[in-house]
Protein chains: 2
Amino acid sequence: MTNWQGIEEAFRAKGLRVTPQRSLVFRIVQKMGAEHPSAEAVHLWATRHMPTLSLRTVYAILDELEGLNTIRSIDLGTGSKRFCVNPHLHHHLVCDRCGKIKDVFVDVPPVEVPPEQRRGFSVRQQEVVFRGQCAYCRS
Amino acid sequence: MTNWQGIEEAFRAKGLRVTPQRSLVFRIVQKMGAEHPSAEAVHLWATRHMPTLSLRTVYAILDELEGLNTIRSIDLGTGSKRFCVNPHLHHHLVCDRCGKIKDVFVDVPPVEVPPEQRRGFSVRQQEVVFRGQCAYCRS
DNA sequence: CCTCTAGCCAACAACAATTGTTGATGAAAT
DNA sequence: ATTTCATCAACAATTGTTGTTGGCTAGAGG
Ligand SMILES: [Mn+2]
Ligand SMILES: [Mn+2]
Ligand SMILES: [Zn+2]
Ligand SMILES: [Zn+2]
């Protein structure tokens, strides 16, 4: 569900109204998707179009969108939750210095964790985090 | 450097004195290594032997140990920095619910990120995060 | 058109993990 | 003996986030 039509449906299906705020936050987060914005970053941009939009509401709507499975929140140790809009399986590249995040679409063969290492854990997903420095931070 | 002899040297080489607090924190973090304790967790245990040891000092000493490369701090989105004592290359298994962390020693073939996806990033390391649920949280 | 309510707002408070600060005290190094 | 470092208690401050409250408004349902 990455198109606005679908989201409208999904909102209503959950008994949530389709408001200008929800619409705006959705569109902003889609547009910014590639940079994996934080809630603050979404708010910063959103307020250019709707100056009264509160940060609190942005947090709330991002939570809702996550509940609808239209976005996913990730925490890669950059100091804040970041939002990921790409529904396909992928991995991430993180800048050690500024926290920039980029999607990485590479095939990583699934790794089987041997039972003696699992220690009772059930493994649901496996993600790869690539760490390094972005072009900007390297100069 | 995982033995106390080496650490004593390393401390002194940096102009840091070898104190009972530094010794204790080091020994605790080594002993707890497998659970990847947070600073709070280290403090909780340490105060059993030295009740006056302040949390502030634990934070400071953990920072120093990280500076000496005897431990590594990792943030896997569990809400706090966790400390890893195993110097060998390895990966991590994280419980979605309680945040428990386990080491995973499996060979993961290095993945080459194609330049058009790197977008100017330099990739320094690649780590795999396995997410799931621990035995306890699953019951 | 009227009513009811969800959603939003501002304006806070609270939170948790972490870092900063300060002045006093004690121990180690010189 | 003197200087310096380390630690302590006791706070304050910071950051990202969530909770709360009372008032206002727009829209869904009648
Ligand atoms: Mn992503
Ligand atoms: Mn580890
Ligand atoms: Zn950067
Ligand atoms: Zn668990």
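Just the heavy atoms: all of them, side chains too, but no hydrogens, waters or symmetry mates, feed the values below. Each chain gets a letter, A, B and so on, in the order its sequence line appears, and its residues count up from 1.
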**Request:** Only counting residues at least two apart or in another chain, list the ones meeting side chain to side chain contact (heavy atoms under 4.5 Å, CB included) with B:E40.
**Result:** B:S38, B:L55
**Prompt:** Can you list every side chain to side chain donor-acceptor pair (under 3.5 Å) pair that touches residues 45-55 of chain B, not counting sequence neighbours?
**Reply:** B:S54-B:T57
**Message:** For a quick check, with a 4.0 angstrom heavy-atom cut-off, what is the B/S/- contact string for nucleotides 18-28 of chain D, read 5' to 3'?
**Reply:** BBB--------
**Request:** Grab the CZ-C1' distance between A:F83 and D:dT17 for me, whole Å please.
**Result:** 10 Å
**Message:** The criterion is side chain to side chain contact (heavy atoms under 4.5 Å, CB included); which residues satisfy it with A:V85, sequence neighbours excluded?
**Reply:** A:V29, A:Q30, A:I71
**Connected-component partners of B:V106 among ILVMFWY, side-chain separation under 4.5 Å** = A:L93, A:V104, A:V106, A:V108, A:V111, A:V113, A:F121, A:V123, A:V128, A:F130, B:L93, B:V104, B:V108, B:V111, B:V113, B:F121, B:V123, B:V128, B:F130
**Message:** What is the distance, to the nearest angstrom, from the CG atom on B:L24 to the C1' atom on D:dT7?
**Reply:** 14 Å
**Asked** At their closest point, which heavy atom of B:D103 faces which heavy atom of A:Q117, and how far apart are they?
**Response** O-OE1, 3.9 Å
Only pairs under 3.5 Å count here: list side-chain donor-acceptor contacts from residues 4-19 of chain B, not counting sequence neighbours, and write none if there are none.
from, atom 1, to, atom 2, distance (Å)
B:W4, NE1, B:E8, OE2, 3.3
B:T19, OG1, B:R22, N, 3.1

**Request:** Write down the distance between CG (A:D75) and C1' (D:dT17), rounded to a whole number of angstrom.
**Result:** 12 Å
**Message:** Holding to side chain to side chain donor-acceptor pair (under 3.5 Å), I want the full list of residues that pass it with A:D75, two or more places apart in sequence or in another chain.
**Reply:** none
**Request:** Give every residue pair that meets the ring pair (Phe, Tyr, Trp, His ring centres under 6.0 Å) criterion with at least one member in residues 65-100 of chain B, sequence neighbours excluded.
**Result:** B:H36-B:H92, B:H90-B:H92, B:H90-B:F105
**Asked** How does the hydrophobic cluster around A:I101 look, that is, which other residues are in it when side-chain heavy atoms under 4.5 Å mark a link?
**Response** A:I74, A:L76, A:V94, A:V129, B:I74, B:L76, B:V94, B:I101, B:V129
**Request:** Shoot me the first and last contacting nucleotide of DNA chain C against chain A, ordered 5' to 3', at under 4.0 angstrom to non-hydrogen atoms.
**Result:** C:dT5 to C:dA10
**B:L44: hydrophobic cluster co-members (side-chain, 4.5 Å)** = none
**Prompt:** How far does the helix from C:dC1-D:dG30 to C:dT30-D:dA1 bend, going by the axes of its first and last five pairs, to the nearest 10°?
**Reply:** 30°
